[in-house]
Amino acid sequence: MILNLIAPFNTTEGLGIWIAAFLTLCIFSFLYKDNPFYKFAEHLFVGVSSGYYISIYYWNTLKPNMIDELTKGFTALGKGDMQKAFGLDESGAVMAEPHLRMLVPLMLGIFILLIFISRKNAWLSRISFAWYIGVASGIAIPTAMSTRVLLQAQGSIRDFCSYNADCAVSAGLEPQVATTALWINAFLLLIGTLSALAYFFFSLPSKGALKVMNKVGIYFLMISFGASFGYTVMARISLLIGRLQFLFYDWLGITIS
Amino acid sequence: MKTKLPVTIAFLTGIFMAFAYFVERDNVAWVRILYEELNQNNIVLAVFVLFLGVGTLLIRHAKKIRDRNSDSIYSWVVIVSTLAVAYIGLFQTTGESIGANENFQWIFNNFQVPLSATMFSLLAFFVASAAYRAFRARNTEATLLLIAAAIVMIGRVPIGAVISDGLNLTGSFSLPAIAEWILDIPNTAAKRAITIGIGLGMTATAIKIIFGIERTYMGSGK
Amino acid sequence: MNIWDKLSSIDRRWIFLAMAIFVSWPVLKPLGLPVTTTKEVESLYSFIDEIEDKKPIILALDYGPSTAPELTPMAKAVIRHAISKGIPVVGVSLAPDAPGVANDIWKWAQEELGAVPGEDIAYLGYKAGTTNVILQMGQGISKAFPKDYYGNSTDDLPIMEGFQSLKDASLVLGLEATAIMDLWIQYAGDQMGVPVAGGMTAVSAPEAYVFYQSGQIVGLMGGMKGGAEYELLVGAPGNAVQGMDAQSLGHIVIIVFIIFGNLGFFLGKKGQDVSRLKSLRGDQK
Amino acid sequence: MIFNFLISSDAFFKADHEVTLIACLLFMGAILYTLAKARRGADLYIRSIPGLDAVNEAIGRATEMGKPILYCPGLSSAADVATLASLNILGRVAQRVANYESRLIVPHRDPIVMTVAKETLKDAYLQAGKPEILNEEDNFFITEDQFGYTAAVNGIMVRERPATVFLQGMFFAESLLLAETGNSIGAIQIAGTDAVHQLPFFVASCDYTLIGEELYAAGAYLSKAPDLMSSLKAADLIKGILWVLIVVGLVLTLLGNASIFEVFGK
């Protein structure tokens, strides 16, 4: 272990490292207790991130997708080319570039901001919310049904199908020769899924066979939660390692021989 | 009007997006383009939503300063840092891309990165204190939680293999193998059941939004 | 209060201190414990290794600085692998705080690997709208990203030749800290039929096992360990491999405290328990 | 000419998506049917959810101690089902808080959710007959940044010292940061999320946790409103059908028949 020079103070890069190290320590101080340093860092964080998002959203989304489109649209309009202004080509077919069609989201966006200006007209923001949420819901219906429900149900019997030559061939899966251990695993997986699924039946009181199944379901849930927790610990420590590597290597200039 | 119009709009946009899922959009230009455009609009709307948020943030802190709140110094921190970063990001960017704005990158690397990463890394400590309190063999459920957590925790790091070798556990009975089995079998089973349930819940809510049954997004819904 | 009761109610700050000390130690002085590879990472490695037609990999960098210690080693290892095989890598981000991190990785790839921007690698930047962006990329990459992060027109980049839509990609590798992975699987994988793989924080990875097991993703790297494995498979150990020792000690600290907690619980006053958990079903009745 | 774009060449609908379509339509039918039934006043049973039975007790405790209640509606957008479920719960919680005349703090990460919550709160306080005690300043937006938001909420927790903390909705990695800080100030915590990978942390750190679908059921459970009950019932119906189909599919695959297996993939 060789102790090198601490990061220099007077270059842009060095100053940056000092600031970053100071803010890192401010946040770490919360572990002991709340204090003015943490409070300062917390408020700075809120401000810096807000400014950061405004800039990123403007340059990456608002400008290319709306402002530039509208500019092109109005330019075409100025030249009297109505079709192009609204994003239609010569034959009248809709072009991918929306141009003045972006006036619709602009209007919806202004409706949202009306909340600031006029209480009376603030209800118009509901139209924007409805649009926004309607689109998201429409996309969600078939995809959630397919990916989260049907394909997961399929996954629960997938192993059985690939272990059975006939089934595998007709389903186009790669047939596998299953050992006893694999069979046991496949059954455990299915029993776990079915019993945990039964836990989420709200319509029936937990009695009789359902009670037994619920109990088994809860056991599976608990093992799963424990496993996820244990698995996650790694990630959390990784993050700490990342910060320590920064403090030790970049700021204090320690190098490992 | 104040209710019917939004509900109608949610119905039309929603039904169309759901319908478009089933359409071979490469073959049907009008569906494809409408679909893209609705997508595009939502992307842009997200920006206005952010403006709404930051606007209310600034107003709230300005009020605190006006009211001479004892913590108004911190409100100054929020307002000044928001405006300063936004100024650098919006007005010091030349050309078309923020990627070339060195000052902005410097602020990102030396303010946003350490704050965000350190806040996140506090989890390393919290995970330890939570595990210490929660993982006690009080009953069957808690014991299962404890055992699964302990095996996976040890089995997933290099020292798990070292311990296994020391205890002469090999093959499918080594700690890493058991950890992987727990993740693959019981864990997958439980997660799958939760996922299916959530999938149904998501679909149900989306359906109710489209039919105007679920109006939470309008506040009181009146 | 006897020693067992004390063990049962240690102030959390002592736990914090122990954690700080035992994680710092190997960061300063590595112990060199061995790292083993798992099949999820191996299958991703061999998938990329067997890409033949040089169709580009879409590298979705959907994470911010907070999860960079876990995910950046994966990004670097995979880029190193792809570049050495001559496979182009196109980066995109669906998380707003990603571009800063991605920019650093791209600089690294140019300096360290000699990757030529626009030919071997391209970074298209961040776009808001998650699901919508993925769907748009399916209709045309340049529709979602008309310009790359550095302001060049996407369609003019040499790397984009013959690469119009997301459907033309050989693989989507999502490096994810959030639920965006699900969206890549749903839309790019299930809907468009593009092979999808994941590099995820250790938190999100267990959830993705379902998708690996059901064949919806071709490979999965989880946490710093996943990154370390890929670093080893590519033959270039880096920050992730270095961090694995600290991982081990950190885990041991936690296990030791769990043991303390249980000793205190069983040997202290009538199994006195300081936790207030009622969630565990046994307590709820 | 202008309708050129309406003319299509090949297949209009995608192949192999019919089962998804049928499942969606079936589900729609089931929801509309149960809704009609519920609105006619049919008595719909729903099993008890322990975390929710504790809501009153938790609010009462805060009132006794003269401390505020913190309600975090999750970190996702208003388009997220978890957020909508959370807003439904917020409405119920707010009514009870208004009855007790306690203080309710609601910090937000999504501006739309904040706007919607404002209406929800107004409505709840009105229904409780105490619109005048609602402090709109306590329902506010912080920042869209995940950890910026977390840092601020943690700050609020250690300074305002709420006696009761609700963490309901979609959460990401910050779940444990919030839950552990809440635990450290001794608050009673009732969490609920459909974020599968955050559940373990809530289970470990909170007094009560609503697991996955229980979060969606919570609004229905607390209010017994027909609109909310209907989808819960319909989802149960589909779940039952699915459960049976999986078992039948298992038997068929073991016999070498892949038909149900393939149906799930369409």
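Chain A is the first sequence line, chain B the second, and so forth, proteins listed ahead of strands; every chain is numbered from 1.
Most heavy-atom pairs under 4.5 Å with chain A: of the set B/A128, B/A179, B/P114, B/A117, this distinction falls to B/P114. The choice from B/L146, B/I107, B/L183, B/V85 that makes the most heavy-atom pairs within less than 4.5 Å of chain A is B/V85. Per-residue heavy-atom pair counts under 4.5 Å with chain B were compared for A/A130, A/G87, A/P98, and the maximum is reached by A/A130. With chain B as the partner, the residue from A/F40, A/F200, A/F30, A/W18 showing the most heavy-atom pairs under 4.5 Å is A/F40. Between chain B and the residues A/R101, A/E13, A/M102, the largest count of heavy-atom pairs under 4.5 Å involves A/R101. Between chain B and the residues A/W131, A/F22, A/F246, the most heavy-atom pairs under 4.5 angstrom are made by A/W131. Most heavy-atom pairs under 4.5 Å with chain A: of the set B/V127, B/I198, B/T143, this distinction falls to B/V127. Contact count against chain B (heavy-atom pairs under 4.5 Å) is highest for A/F116 among A/F116, A/Y53, A/F28. The candidate with the highest count of non-hydrogen atom pairs below 4.5 Å against chain A, out of B/F19, B/F11, B/F51, B/F16, is B/F51. Interface remark: of the candidates A/L62, A/N185, A/V104, A/I191, A/N185 forms the most heavy-atom pairs closer than 4.5 Å to chain B.
The shortest non-hydrogen separation linking B/V49 to A/I112 is CG2-CD1, 3.8 Å. Of all non-hydrogen atoms in B/G199 and A/V149, the two that sit nearest each other are C-CG2, 3.8 Å. For A/A227 against B/I182, the heavy-atom pair with the smallest separation is CB-CG2, 3.7 Å. Taking all atoms of both residues into account, the shortest heavy-atom contact from A/A144 to B/M202 is CB-CB, 4.2 Å. When all heavy atoms of A/A196 and B/A193 are compared, the pair lying nearest together is CB-CB, 3.4 Å. Minimum interatomic distance between B/V152 and A/G230 (heavy atoms only, all atoms of both residues): CG1-C, 3.9 Å.
Rounded to the nearest 0.5 angstrom, A/L150 CG and B/I196 CD1 are separated by 9.0 Å. Annotation: the span from A/Y199 atom OH to B/I194 atom CD1 amounts to 9.5 Å, rounded to 0.5 Å. Put simply, CG on A/L31 and CZ on B/F126 are 5.5 Å apart, with the number rounded to the nearest 0.5 Å. Put simply, CH2 on A/W123 and CG on B/L5 are 5.5 Å apart, with the number rounded to the nearest 0.5 Å. Between the CD1 atom in A/I223 and the CG atom in B/L144 there is a gap of 5.0 Å [rounded to 0.5 Å]. A distance of 4.5 Å separates CG in B/N187 from OG in A/S228, rounded to the nearest 0.5 Å.
With a 4.5 Å cut-off on non-hydrogen atoms, A/L113 touches chain B through its side chain but not through its backbone. In this structure, chain B has heavy atoms under 4.5 Å from both the backbone and the side chain of A/T12. In this structure, the portion of B/I59 lying under 4.5 Å from any heavy atom of chain A is its side chain and not its backbone. Residue B/T56 touches chain A through both its backbone and its side chain, counting heavy-atom pairs closer than 4.5 Å. For a residue to count as touching a neighbouring chain, one of its non-hydrogen atoms must lie under 4.5 Å from one of that chain's; by this rule B/I185 touches chain A with backbone and side chain alike. With a 4.5 Å cut-off on non-hydrogen atoms, B/A84 does not touch chain A at all. Interface remark: B/I79 contributes no atoms to any contact with chain A (heavy atom separation under 4.5 Å). Of the atoms belonging to B/Y74, heavy atoms from both backbone and side chain fall under 4.5 Å from chain A. In this structure, chain A has heavy atoms under 4.5 Å from both the backbone and the side chain of B/L52. With a threshold of 4.5 angstrom between heavy atoms, B/L90 approaches chain A through its backbone and through its side chain. Only the backbone of A/I17 comes within contact range of chain B, judged by heavy atoms closer than 4.5 Å. Heavy-atom distances place both the backbone and the side chain of B/S116 under 4.5 Å from chain A. Only the backbone of B/D184 has a heavy atom closer than 4.5 Å to any heavy atom of chain A. Using a 4.5 Å cut-off between heavy atoms, A/P36 contacts chain B through both its backbone and its side chain. Heavy atoms closer than 4.5 Å to chain B are found in both the backbone and the side chain of A/Y219. In this structure, chain A has a heavy atom under 4.5 Å from the side chain of B/W181, while its backbone stays farther away. Interface residue A/Y38: only side-chain heavy atoms are found under 4.5 Å from chain B. Only the side chain of B/L50 comes within less than 4.5 Å of a heavy atom in chain A; its backbone stays farther off. Residue A/S125 does not touch chain B at all, counting heavy-atom pairs closer than 4.5 Å.
Between the side chain of A/W59 and the main chain of B/T93, no donor-acceptor pair closer than 3.5 Å is present. The closest donor-acceptor contact from the side chain of B/N110 to the backbone of A/A20 lies at 3.5 Å or more, if one exists at all. Proximity of a side-chain donor or acceptor of B/R192 to a complementary backbone N or O of A/Q152 within less than 3.5 Å is detected.
Taking A/F220 as the reference, nothing meets the ring pair (Phe, Tyr, Trp, His ring centres under 6.0 Å) condition, with sequence neighbours excluded.
Listed by first and then second residue, the salt bridge (charged side-chain N to carboxylate O under 4.0 Å, His left out) pairs involving residues 147-157 of chain A are A/R148-C/D182 (not counting sequence neighbours).
Contact check for B/F108 versus A/I56: no side-chain heavy atoms found under the 4.5 Å cut-off.
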Show your reasoning for whether ring pair (Phe, Tyr, Trp, His ring centres under 6.0 Å) applies to A/F45 and B/F111.
-> CA-CA 8 Å; A/F45 197 174; B/F111 287 83; over 10 Å; no

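Ring pair A/F111/B/F48: centre-to-centre distance not below 6.0 Å.
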